[in-house]
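This report concerns only the one structure given below.
Lettering of chains follows the sequences in order, A, B, ..., and the numbering in each one begins at 1. Worth saying up front: this structure is predicted, and the values here are computed from it rather than measured.
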Number of protein chains: 2
Amino acid sequence: MDKGINLAEKLSLFSEYWSPRTVARLNDYKVMVAKVQNEFVWHKHDETDDFFLVLKGRLTIRLRDRNVVLGPGELFVVPRGVEHQPFAEEETHILLIEPMGTPNTGDSTTAVPEQFI
Amino acid sequence: MDKGINLAEKLSLFSEYWSPRTVARLNDYKVMVAKVQNEFVWHKHDETDDFFLVLKGRLTIRLRDRNVVLGPGELFVVPRGVEHQPFAEEETHILLIEPMGTPNTGDSTTAVPEQFI
């Protein structure tokens with residue numbers, strides 16, 4: 001009997017913020033977990049929507065015209081081309097799904113490389 | 001301040017088993033919640049991997065050579081072409097992600113149509 005991928009267990013293996021780790025692949029998408037705190041850069045992805053699911057904590061996704069606030073078990077998909085800035089007051093754990101090759105900052109020159117865990 | 005999509009809230013709106021409801025779109029993928037109990041049909045998807053994340057309860061994904069057992073916060077991606085039979089002894093709530101147009105039974109003649117919630 002095999003176990004699946006335990007997200008809390010994967011999250012216990014690293015401590016860096018804003019540094020997603022790939023835990024699975026779904027076709028040409030990467031399924032990632034990340035720890036986040038404070039604010040990320042404003043950015044957008046012209047080629048893809050951006051999926052966020054909060055596992056623990058509280059994430060605010062700032063959009064130019066409003067904020068979306070997510071608690072555990074809540075998700076939001078930022079449409080492609082829409083500028084957003086994720087923010088978390090306290091350490092927050094999230095699940096992210098994006099096509100492979102998507103730079104996390106929206107810009108390949110500043111993005112962190114894909115890291116498996 | 002907007003709220004995101006609360007998965008537990010969406011799941012409270014219906015009671016049918018094995019009848020996924022689409023709660024969001026991610027590019028050409030549908031993000032769905034489902035309530036499941038007992039066993040589903042053996043099936044496979046030749047064109048796509050199949051993503052399962054357990055939100056509540058316990059899901060066994062029977063494969064021909066082994067079982068994968070998932071609790072809350074655990075996920076598994078069944079590779080394309082691999083036969084599988086989901087099974088839950090008690091009512092279990094799951095998040096599913098599949099490309100649009102994927103029949104839930106692997107066969108468009110027996111699949112339930114996409115339902116939004």
Q: Please test A:Leu53 against B:Leu53 for side-chain contact (heavy atoms from CB on, under 4.5 Å), starting from the C-alpha separation and ending with a verdict.
A: CA-CA 12 Å; A:Leu53 169 65; B:Leu53 169 65; 3.9 Å; yes
In terms of hydrophobic clustering (I, L, V, M, F, W, Y; side-chain heavy atoms under 4.5 Å; direct or indirect links), are [X] and [Y] co-clustered?
X: B:Met100; Y: B:Val23; answer: no
X: B:Tyr17; Y: B:Leu96; answer: yes
X: A:Val41; Y: A:Val82; answer: yes
X: B:Val36; Y: B:Leu11; answer: no
X: A:Ile94; Y: A:Met32; answer: yes

Contacting region of [X] [heavy-atom separation from chain B under 4.5 Å]:
X: A:Leu95; answer: side chain
X: A:Pro72; answer: neither
X: A:Val31; answer: side chain
X: A:Ile97; answer: both
X: A:Leu55; answer: neither

Discussion item. Any heavy-atom pair between the side chains of A:Leu70 and B:Ile5 that's under 4.5 Å?
Written reply: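 No, too far: nothing below the 4.5 Å cut-off.
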Over 12 foreign heavy atoms within 6.0 Å of [atom1], [X]:
X: B:Glu83; atom1: CD; result: yes
X: A:Glu47; atom1: CD; result: no
X: B:Glu16; atom1: CD; result: yes

Checking B:Tyr29 against A:Asp49: is there a side-chain donor and acceptor pair closer than 3.5 Å? no
Ranked by heavy-atom pairs below 4.5 Å to chain B, first place among A:Thr48, A:Leu59, A:Asp50, A:Val78 goes to A:Thr48
- Query: Taking A:Phe52, A:Phe76, A:Phe51 one by one, which has the highest count of heavy-atom pairs under 4.5 Å against chain B?
  - Reply: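 Between A:Phe52, A:Phe76, A:Phe51, the count favours A:Phe51.
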Could you tell me which portion of B:Pro79 (side chain, backbone, both or neither) has an atom closer than 4.5 angstrom to a non-hydrogen atom of chain A?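 Answer is neither: B:Pro79 stays 4.5 Å or more from chain A.
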Among B:Leu63, B:Val54, B:Val77, which residue has the highest count of heavy-atom pairs closer than 4.5 Å to chain A?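 Winner by heavy-atom pair count: B:Val77.
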Restricting to non-hydrogen atoms, name the atom on [X] and the atom on [Y] that form the minimum distance, rounded to 0.1 Å.
X: B:Asn27; Y: A:Arg80; result: OD1-NH2, 2.7 Å
X: B:Asn6; Y: A:Glu74; result: ND2-OE2, 2.8 Å
X: B:Leu75; Y: A:Ala24; result: CD1-CB, 4.0 Å

